[in-house]
Amino acid sequence: MKKNQTIEQAIAAIPSGARVMIGGFGNPGTPFSLIHELLRQGQTGLTLIKNDANEAGHGISKLIENGQVSRLITTHIGLNKRAIDLMNQGQLDIEFHPQGILAEKIRTAGAGSFGFLTDIGLDSEITRPEDLLDWQGQTYKVEMALSADFALLHAAEADWLGNLVYRGSAINFSPLMAMAADHVIVETPSLAAPGHFRPEHIHTPGAFVDSVVSLAQLTSDYGIIDHHVRR
Amino acid sequence: MKKNQTIEQAIAAIPSGARVMIGGFGNPGTPFSLIHELLRQGQTGLTLIKNDANEAGHGISKLIENGQVSRLITTHIGLNKRAIDLMNQGQLDIEFHPQGILAEKIRTAGAGSFGFLTDIGLDSEITRPEDLLDWQGQTYKVEMALSADFALLHAAEADWLGNLVYRGSAINFSPLMAMAADHVIVETPSLAAPGHFRPEHIHTPGAFVDSVVSLAQLTSDYGIIDHHVRR
Amino acid sequence: MSVAERILSRAVNEITPGSIVNLGIGLPSRIMHYLPDDFDVQIHSENGILGAWKQAAPEAMDPFLIDAAGAYVSLGQGASLFDSAVSFAIIRRARLDLTMIGAFEVDSAGNLANWKIPGKFSPGIGGAMELAQKTRRIVVLTNHTDKYGKPKILHTCRLPLTAKACVSRIITDLAVIDVTGDGLVVREKLVDISDAELQEKTEAELNFATGEGPHDTA
Amino acid sequence: MSVAERILSRAVNEITPGSIVNLGIGLPSRIMHYLPDDFDVQIHSENGILGAWKQAAPEAMDPFLIDAAGAYVSLGQGASLFDSAVSFAIIRRARLDLTMIGAFEVDSAGNLANWKIPGKFSPGIGGAMELAQKTRRIVVLTNHTDKYGKPKILHTCRLPLTAKACVSRIITDLAVIDVTGDGLVVREKLVDISDAELQEKTEAELNFATGEGPHDTA
């Protein structure tokens, strides 16, 4: 079954108020084109789930700055002063998790489970008494699964069936989000016919993917960020 | 750091009474050579964790038939009448789990977590009242993580650093067991120098692997099982 | 046509183009061979395959590639291979459209028992529980009665359940029966049999659809 | 030699051949450039890299390959790339031999605070908590005092902790200090400073090792 869609069709499936996972750690894996279309269509009241807030003026920061995001679930926004300011001004509700815990909460939803028991941050200020579980003689923190209505992902290569291959450090949260979201939308600059990949090389099986958008080219958003180059 | 070892060295690290995960679903992924060395060295009182019991006279069934195994944690032993007989005679203690739950229990240990919340089998006879947890208004079954002292795995290809690539349906439990066991021993017929693999194609990063055994050849154990060929 | 062939010939029509399907060990796994070679379906096998296909040609058989039933399958275009955790994530996240599965007993509430006969048969549940509990649509393939002629379609299952209220449709050698909110409804007969005779071979109460031919309300 | 260079020159000796090491954002991430090009180490970056190496040559820079600090790294021979769940599984399963990390405060019990200054700085904890809690050996790199000259090595941390009792060694611009069962023990001085002067710049009580040169009991 061909899952190809235009970018307009694919993003139009997202209603205001939706809970949307967005792949990427910094730039790599950020689906800038899908984000731009979401900016253009203007859905509001979104809850975004992403490792970081990109940098000011880039990626999901555009959606935040445009007032489309009411809540961000993330791990670290230190590189985005605009997002920090909006948080401090009370205009953006942010929920922080340790990075691997965020990954694991998403993956837990993706595995069809409901939560997991951990000792990370057990006796730190991130743990509330009501998160604690005494079980078989030990105390654990219960971390609940984190699912979403949609996931927006970037794949280096994809096929019509939704099989995905990521590249470099752009894997990060994407395979987990593909599993955890009810409706998964992928952009790729390289859309192939089924059979293009060796079956062992596929990172995300097409079963998890609903919609594949072919990008004619990658904009400058996807390029090197000059101030991260060490001289 | 080179992790190469002889098969004798690698298996000699396993003491009697150890808890050992063994990769494989049916034949594919079963590390027949490592198992054969374990048979030769004769460690006893082992707890094995494997999807199935292989078929009578093959793979881990040899260890079971040789009296080296006191307990088997598995999902299905329907293809091994010898194992069923030993179970029914009370000579082999078997703990069954649904297949995906066994996989997830192992993966949970591999992720450094302690358990997970599921609804699989919640109201079936596999769930005891003491497994149930009422949490935030819902009832879940708590499945505890399953770790092991050792894992014995077969990889189609490996490098000296312990990076592994699996092939075909031989992936199955192996990447999960590599994460979940304290000491991971891998056999491979194809040992390469680091740099042989594209970094995106590696299924198990070398960080999880302690010992790599190079096999000069694959014995007939690894071949086609004639009675599974449909005529 | 054998009893098995009759069931399989009818069951193959359950597979819709573009769907993702798991075929249980035993009778269901044989359905694959009733599909045209170019049929647009992705067969999921719980040992880590999406896109398993018919047995490979003898020279192409790979001892490292079997399906969950042990067959030396080939792979369709666009197939993917993955670990057991991902494989069951596909199942538990309800990304399968259809699972066809065997039964020891099935009942009028759609309860399924197919893994254990206490004291006689308990080789472990394998992947059946998760498939039964989480697949969007479960179709049971079974002989209408057991080898002693006793009904397998019961008012209430007596064996330990695989999953509750999971079955949408039952295809036997005699009929196609849907599990509905109003109980079991016979949709088709696969042999020349009267309503009364069919009811006699069935412990559960059957309702007979007024319309003719296949019709699915499940 | 700048203060940072003094810390880094000493810190690089902590990396033993064959080890797996995570280098925190900021000062620690710069240690990589003090290693010989052929040094046998695997640098783990929590965004999904094992085998990250020095910044790629300009023509080889890949916009899809950064480390957790945002640098356009190259990859060493035998590098692997994976998702964030696997990356943190490596951390939580204690497969890292060493993490070098910065600190706002560190104390005599080896407690570490490096992620939050309530009311002033709270951009999220990132991967620091799991690294600090689960790495076999944590070495803190920090200026001995803050920009106001106030001690950063305290009797007891006042800021919210990243992890408790996690630090093995503290390398500052002035000294190398181990966290031991008997409190903080000064192992080396990196500048010409008296015991009394060093103690004055340190809130926690320091013990001065009797032996000379590097010696690690942590």
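Lettering of chains follows the sequences in order, A, B, ..., and the numbering in each one begins at 1. Small disclaimer: the values here were computed from a predicted structure and weren't measured.
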Hey, what do you get for [atom1] ([X]) to [atom2] ([Y]), rounding to the nearest 0.5 Å?
X: B/Y166; Y: C/F82; atom1: OH; atom2: CZ; value: 16.0 Å
X: C/L161; Y: B/E125; atom1: CG; atom2: CD; value: 9.0 Å
X: C/D83; Y: B/F25; atom1: CG; atom2: CZ; value: 13.0 Å
X: B/L79; Y: C/I25; atom1: CG; atom2: CD1; value: 7.0 Å

What closest approach, in Å, do C/P123 and B/I84 show between heavy atoms, and which atom pair accounts for it?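 Looks like CB-CD1, 4.2 Å.
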Which atom of B/R107 lies closest to which atom of C/A85, heavy atoms considered: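 Answer, listing the atom of B/R107 first, then C/A85: CG-CB, 4.4 Å.
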When C/L81, C/N47, C/I125, C/D67 are compared by non-hydrogen pairs under 4.5 Å with chain B, the top option: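 Maximum pair count with chain B is reached by C/N47.
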Using the ring of each side chain (for Trp, its six-membered ring), is B/H154 parallel, tilted or perpendicular to C/F64, with breaks at 30° and 60°?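 Rings of B/H154 and C/F64: parallel, under 30°.
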Does the distance from a Lys or Arg side-chain N to an Asp or Glu carboxylate O, for C/D62 and B/R167, drop under 4.0 Å?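 Salt bridge flag = yes for B/R167 with C/D62.
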Where do C/M129 and B/S124 land on the side-chain contact (heavy atoms from CB on, under 4.5 Å) test, with the steps shown first? CA-CA 10 Å; C/M129 184 174 274; B/S124 79; 3.5 Å; yes
Given C/I49 and B/S169, is the side-chain contact (heavy atoms from CB on, under 4.5 Å) satisfied, shown in steps? CA-CA 7 Å; C/I49 309 175; B/S169 68; 4.3 Å; yes
Counting only heavy atoms closer than 4.5 Å, note whether B/D123 contacts chain C via side chain, backbone, both or neither.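 Both parts, backbone and side chain.
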